[in-house]
Each structure stands twice: as C-alpha cells, then as structure tokens.
Trainee: 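Following this message is one structure expressed as structure tokens.
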Number of protein chains: 2
Amino acid sequence: LERDVVAKKRPGEFELIDRYFRQLASEPGAFGLADDAALYRQRPGDDLVITTDMVVSGVHFFEGDPPDSIAQKAVRVNLSDLAGKGAEPFGYLLSLALPAKWTEAWVKSFAKGLAADQKRYGISLLGGDTSRASGGLTIAITALGRVEKGRMVLRSGAKVGHAIFVSGTIGDSALGLRIRRGEIEKRKGAKHLLDRYLHPQPRTALAPLLARHASSAMDISDGLVGDLAHICTASEVGAEIGAYRVPLSKPARTILDRKPGVLAAILNGGEDYEILATVPTSSMVEFAAEATQSGVPVTRIGTILRREGPPIVRDETGKVIKLAANSYTHF
Amino acid sequence: LERDVVAKKRPGEFELIDRYFRQLASEPGAFGLADDAALYRQRPGDDLVITTDMVVSGVHFFEGDPPDSIAQKAVRVNLSDLAGKGAEPFGYLLSLALPAKWTEAWVKSFAKGLAADQKRYGISLLGGDTSRASGGLTIAITALGRVEKGRMVLRSGAKVGHAIFVSGTIGDSALGLRIRRGEIEKRKGAKHLLDRYLHPQPRTALAPLLARHASSAMDISDGLVGDLAHICTASEVGAEIGAYRVPLSKPARTILDRKPGVLAAILNGGEDYEILATVPTSSMVEFAAEATQSGVPVTRIGTILRREGPPIVRDETGKVIKLAANSYTHF
C-alpha cells in the first residue's frame, strides 16, 4: 500500500506551476506567474484583439491523445481566431482543469507542447489557473493579439462582388476525425488527415495580409459553408461558391472520389482552422501572390452576392448542391 | 416517448448565444458576440490588467447550487483578483462547458446572474465559447480591468515596517463550506456563512485606494496566512500578525468560541475574497479612513518584518501559533 502511495505522490498546485509553467511566462507583464494578474501596456498605434476558446476531452480531442498535441491544439484554435482577425498573437492565459488520474509526466509533456508553440508563434504565457476537473481534462485559453489601429478584420465587411478565398485545403480535419471514429477506412494518406485533426495550423502568416486586403475574414472552425453563412449574415450579403473550386488535399480527394457522400463532411465538417476571407477584386491578385509568398497559398472559391438566404454551393455543372447539416457544433 | 423528446428539446449553441448571451455584450468592442474576437482600444494613461480563474462543479461550488449564484461566483472570483491589483474591471470573456443534463431554464438563470453582476460592477461580456463538458459544469472566465499607468499593485512591494491590513471579515466562507459539508453544526448565523461561501463580494471599492496607498496587495483566495506568505516571498520580507486582531464576523466568532480548533480553517480556509494589503505607516490612517468611507472597512492585523521564514502568527499572549496547513488548494 505504502509503495502505491509513493508511486502516486504528485506535486501540488504551486509545485506544478514552479516546475512546468513559470518558465513559460517570458513576458515581463506576466511577472513569472508570481502575481495574481498580468499587466499589459498597449503600444500606441495598436489595437488589442482578444479571443477565448475551450477544448474538452472527448469533445475536441480523445482522452489518450499525446499531452503535447492537446496543449498545442488548445493554443492553436485560439491563434487561428486571431489570425482570422488580422492580429499578430503575443500572449495567452491558460485555465487547466486536470482529471483525477493526472500524472506529473503528463503535465511535463503538456508544458513541453506549450513551450514549443510559444517559440513557434512568438507568444508568452501571461497567466493562468489550475484546478481539479469534474470529469475529463478541460482547457480554456484566452489569447491576445495586436493589430494596427482600426485594422482588425471583422465578419461584417464583405461587399457584393468581392472574391471569396480560403487558405490551404478544406475538409482534412473532418475526414481525420471520421477515420479516428472508424467511420472511414484507414487507407493510404490517413496519416495526413489524422494529423490535420490533431494539429491545426493557425494561419498566422496570413494575418498581416488580411489586415491589408480583406474586407471580411474569419477562421473556419464550424465548417466552411456554415462559417461563410456567418460572414453573409454579419455583412448582410449572399454568397455563391463552387464545390469543385474548394481546394482539397490528395488524401481528401481520394476519399471523395471513392465516397462522394463525404462532400458534406468536407464542406461542413469543421475544425479546418483555415482562413475564409473576402477580398475586393481590385486587390485579389496581390493578395493571392502575397499569400503564396508567405507560404500559405489561398484559393478563390466564389463570389459575394446580393443578400438572398444562405450561401449557394454549386457543382461543376452549375447545379445547386444541398448539404445536410449547415454547421458543425461542439454541443 | 415523443413527449419526452419534446420536453428535452433544447436550443443549439447559436440559439443559446442569441437568446441569453448576446444581450450581455454591451461594449461596442464585443460586436454583440457576432464576431470571433473582441477589440479593445486602450485609453491613453491606462494599463490593462488581465486575470483568469476557473470554477468547477464539485470543486468550487456544489452541483445543485442556483445557476445565478454559480455565474456570479465565477465572475466575482475574477473581479476580486483585479480589485487586489488596484484595477477597475470593465469586461470579461466566458468559456462555459455544460454538462450533458443542462436545461434551457438553467442557462436562462445563469445568464440572469451574469446580467445582474454586469450591472453591479459596470462590466460587459466581451466574448466567449460554449462546449459540452466532460463531466460537470466548468466555467473559465478571463477578466479585464484598467489601472492608472504604472499603478498596478503587485505582491512584491511590501517593505519592513509596513502595516498589514485585511478588508471585511476573515474565515466566513471557509466556515460556510464546512457547514455545507456537515463538518460544523448548522446553528444561528449559519445563513451568513453559507452566503459568504456562495456569494463572494469582490472589494472593487477598495481598488482605487490600493492603487494610491498600498505597497503590495492581493485578494485572499488560498487562505490568509498562505497568501501573506506569497506576499512575503514576492517582497523578500517576513511578517507577523496577531490572530486575535483578525476581524471575524459574529457567527464566525461564536463558532470559534465553541470550537477553538477552527482557527486554522479561519486563518487558512481560503475563498475569503477579501483584500490583503501592506501600507506604509505614513498613509495608514488615510487608507483606513478612506476604506471606511468607501463602505469596506479594513483592519490592521500585523506588520512586515525582515525576512525570516513564513509569517508568524501570535495569540493575544504573544505565543506563536502553529497552523496545520499553510494554504488551501483546489487540487
């Protein structure tokens, strides 16, 4: 019995912070997590952009996923929101509720994942809170970013005639999730799709381009068509896209060719964490060229129309495609 | 069966936001929760203070507690952090993970609690996220406040000879929790203690006074002596307090007289959400007078000493009291 107790001996809240989280608080305003709040002194000429997103075991990731991957998913879904607003991230606050069975090794790997992403994206932990969870692991992150004053990109600026762009490829994460659930067979290319589900790539490289060129933008988290509908509602416009114009990865294309029914999952599966943006046709070419240069190519998939209900999706013959579900929800 | 389905019919994520949360987003920078992030344009001459705190079912409140009370506890523990830093709150972001059995009536009451506190403390919802919980209700809040540039009150400014103050009364919440757990008999005065556990009162009225007078401050969430130890560590000083000088409510005093053993629970039970501050003796009288005027009286309980280990607690005869646990942890 005693051996068991020793084996289970774990650090307390303060030790955990000391050992694994304090070193992540690199900004002076984080006070090395030794105070109750963070201080932020805004730079003149900047606006502050703030977002919060929660990831929950069994909802946004699987219980057994690698702790560093879970940490990075929690951070990246937030950075993706900031990227969609044209903002450059600089810091985040972390609330971490640990399940009863947590181990120190788990926390160590989790913090290592955070450290790697802090380096990757140039951000610092600014503050946080730890608690026992009621059930599984739950992580809430609030991320902060800067954008040039007045340049935050909203959902509400799309105008009739503007071109609709997406970054990267669409549907990979949704197909990856379906493979994990066993709903789609695990064939060649599955690794790429599984990775896209577990490791979102926030398109921070596009943020300054969006701030310069986009009339509206957001990151795609609830599904392409559903999120386009959000832009249409906020901008009081309509939209038309070509399903065949939506950029797909090779593995996604292969699955779609085999099972045309997965189109809905691709167009509305959610968790793409790609950018959806509208751009006036006058800056379209420049935007696309700069995006390619930044390492994140964008593809035009359609056009903003006068308001007339939800976005219209057409196939290559011009026929309107009806999609089953309009949006993905974590609910 | 059909009736049962109808009875269980609940709104989705977007409907929930529309019906109950959008109206809470009164700041223009919240965009009526219709965008992916909030915009904050800092006022020149202000610093921004940011904190995050999570409350979890079965850890920080009981599952059956009234939803409006849970909402208010989640908000107030954050506002309490800001108050301890001398900051005036203006907004917050909310991550809400709802358990499987949530009902619309529950969410309605929860949002009503938020609305009442927004009015009470002059704050606005700035953004948020909702998700399914893994287990019980989990709420993470990030609160934002303003303080005059350079005036944020840290833990690290206490100097030898400064007076140690606390606001209000100490130990009520910890005794309230013990009454709820059945560890202390429910007698006359229990209502006050139970209420102090469920409804923290962040001392926002003291914030401007702390910014003017305090050399260090924090809110007491982990227990008076443990939190004083945090100030001592950050300030590289020692401290001595008189247990008999610690202000108690009448119900707490009655319990202590009956059961002297609860002293440790009072001095280190946690969740007081009162202010602990150090003040140079030159501004002591002014600070105390202004605090009384603000409606939140403060009491001097001790003095900052040269560094010499953890805070010393003495009884009225001068004898040193050893306390069992040094700090409360939600872990």
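Just so it is clear: chains get the letters A, B, ... in the order the sequence lines come, proteins before strands, and each one is counted from 1. Since the structure is predicted, the reported quantities are computational estimates derived from the model, not experimental observations.
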Trainee: Under a 4.5 Å heavy-atom cutoff, which of Ala143(A), Ala234(A), Gly128(A) has the most pairs with chain B?
Mentor: Gly128(A)
Trainee: What part of Leu144(A) gets within 4.5 angstrom of chain B, counting heavy atoms only: side chain, backbone, both, or neither?
Mentor: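 For Leu144(A), side-chain heavy atoms alone lie under 4.5 Å from chain B.
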Trainee: For a side chain to side chain contact (heavy atoms under 4.5 Å, CB included) with Met54(B), tell me which candidate from Ile139(A), Leu96(A), Thr138(A) qualifies.
Mentor: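 That would be Thr138(A).
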Trainee: Quick one: which of Ala87(A), Gly135(A), Gly58(A) has the most heavy-atom pairs under 4.5 Å with chain B, could you say?
Mentor: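 Between Ala87(A), Gly135(A), Gly58(A), the count favours Gly135(A).
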Trainee: For each of Ala97(B), Ser95(B), Gly145(B), Ala140(B), tally heavy-atom pairs with chain A at distances under 4.5 Å, and name the one with the top tally.
Mentor: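 Top option by heavy-atom pairs under 4.5 Å: Ser95(B).
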Trainee: Is any residue of residues 74-86 of chain B within less than 4.5 Å of chain A by heavy atoms, and which ones?
Mentor: Asp81(B), Lys85(B)
Trainee: Please classify the contact of Ala217(A) with chain B as side chain, backbone, both or neither, using a heavy-atom distance under 4.5 Å.
Mentor: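 For Ala217(A), the contact with chain B is made by the backbone alone.
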Trainee: As an exercise: rank Val56(B), Leu154(B), Thr142(B) by heavy-atom pairs under 4.5 Å with chain A and give me the winner.
Mentor: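 Answer, by heavy-atom pair count under 4.5 Å with chain A: Leu154(B).
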Trainee: Got a sec, which residues hit ring-ring contact (aromatic ring centres under 6.0 Å, His included) with Phe110(B), two or more places apart in sequence or on another chain?
Mentor: Trp106(B)
Trainee: Which heavy atom of Gln42(B) sits nearest a heavy atom of Tyr40(A), and at what distance?
Mentor: NE2-O, 3.7 Å
Trainee: Quick check: under 4.5 Å, non-hydrogen atoms only, which of residues 43-52 of chain A neighbour chain B?
Mentor: Asp47(A), Leu48(A), Val49(A), Ile50(A), Thr51(A), Thr52(A)
Trainee: Is the closest side-chain heavy-atom distance between Asp222(B) and Glu13(A) below 4.5 Å?
Mentor: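 Contact flag for Asp222(B)/Glu13(A) side chains = no.
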Trainee: Could you measure the distance from the CG atom of Leu39(A) to the CZ atom of Arg151(B)? Nearest 0.5 Å is fine.
Mentor: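 Separation between the atoms: 14.0 Å.
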Trainee: Tell me if the CD atom of Glu236(B) is crowded by more than 12 foreign heavy atoms within 6.0 Å.
Mentor: no
Trainee: Measure distances from Met152(A) to the heavy atoms of chain B and classify the residue's part below 4.5 Å as side chain, backbone, both or neither.
Mentor: side chain
Trainee: State, to 0.1 Å, how close Arg41(A) and Gly150(B) come at their nearest heavy-atom pair, and which atoms those are.
Mentor: NH2-N, 3.3 Å
Trainee: Residues two or more places apart in sequence or in another chain: which of them pass side chain to side chain contact (heavy atoms under 4.5 Å, CB included) with Arg22(B)?
Mentor: Ile17(B), Asp18(B), Leu33(B), Ala34(B)
Trainee: Of the listed residues (Leu93(A), Leu137(A), Asp35(A), Asp53(A)), which shares the most heavy-atom pairs with chain B below a 4.5 Å separation?
Mentor: Asp35(A)
Trainee: Tell me whether Asp36(A) contacts the main-chain N or O of Met218(B) through its side chain, where contact means a donor paired with an acceptor under 3.5 Å.
Mentor: no
